[in-house]
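A quick write-up on the structure given underneath.
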Amino acid sequence: MGTGQLIELSRRLRSAGGPRLRQNFARRIRRAAEPLHRDLKRAVETMPLAAEPRKTRRGGPSPTTRPFRAMLAQGVRISVRTTGSPGARIWVDRSRIEPAARNVLNQLDTGRLRHPVFANKKRWVNQRTPSGWWTNRVRDGMPRMQAEVRRIVTDVRHDIE
């Protein structure tokens, strides 16, 4: 199922189906994407972050007010479009992540998180995590999601015709 076919189906939905058929189409596409969305959130919440050994025992207040992994997981969102370029998109909503940590998920996909220790710009540390945690999960989840969307599009086409 290509983008062109989805766009054509979207046009036919607008002219033939009305709002109820469009809502049903959007709900079913969202359901097709939800397992991958849940998997990505769970991956963030359980991701191992191996730190370098401590050199000295210094401390300070945390720069974030929420638990780190939970905050990152709240930023993983899903959105569905049935017009223009129809489909589902799983993305990171940076507005749900605290300003001091907005670039963290991009860094984590590379396998390395470099950050100041408790916002102290003079002391930086590296933390390691399995690289490609986002891209590998998306790549593994896409075939199932695409097959489900193909099935949904076939069903909706059948309803329109």
### Message
Is it true that, when you exclude R27 itself, more than 12 heavy atoms of the residues, nucleotides or ligands shown sit nearer than 6.0 Å to its CZ?
### Response
yes
### Task
Please examine the side chains of I90 and R77, heavy atoms only from C-beta on, and report whether any two atoms are closer than 4.5 Å.
no
### Shortest non-hydrogen contact between P35 and R144, atoms and distance
CG-NH2, 3.4 Å
### Message
So does A73 get a backbone contact from the side chain of R96, meaning a donor-acceptor N/O pair under 3.5 Å?
### Response
no
#### Entry: With sequence neighbours excluded, residues passing salt bridge (charged side-chain N to carboxylate O under 4.0 Å, His left out) with R151
E148, D155
### Summary
Rounding to 0.5 Å, atoms CD (E45) and CE (M47) come to a distance of 10.5 Å
### Query
When hydrophobic residues are tied together by side-chain contacts of less than 4.5 Å, even through go-betweens, does M142 share a cluster with V92?
yes
### Query
Can you name the residues that form a salt bridge (charged side-chain N to carboxylate O under 4.0 Å, His left out) with R42, not counting sequence neighbours?
D39
### Summary
dist R28:CZ -> I152:CD1 (nearest 0.5 Å) comes out at 5.5 Å
### Query
Would you call L40 and V44 a side-chain contact if the rule is heavy atoms closer than 4.5 Å?
no
## Note on the structure
Output for pair (W133 CH2, L108 CG), nearest 0.5 Å, gives 6.5 Å
### Message
Rounded to the nearest 0.5 Å, what separates atom CD in Q127 from atom OG1 in T129?
### Response
9.0 Å
### Query
Quick one: CD1 on I97 to CD on Q74, what's the gap to the nearest 0.5 Å?
9.5 Å
### Query
How long is the gap from CZ on R89 to NE2 on H37, to the nearest 0.5 Å?
12.0 Å
### Task
Could you tell me whether the side chain of R112 reaches within less than 4.5 Å of the side chain of Q107, counting heavy atoms only?
no
### Message
Applying side-chain contact (heavy atoms from CB on, under 4.5 Å), can you list everything that pairs with V80, at least two apart in sequence or on another chain?
### Response
A26, I29, R30, A88
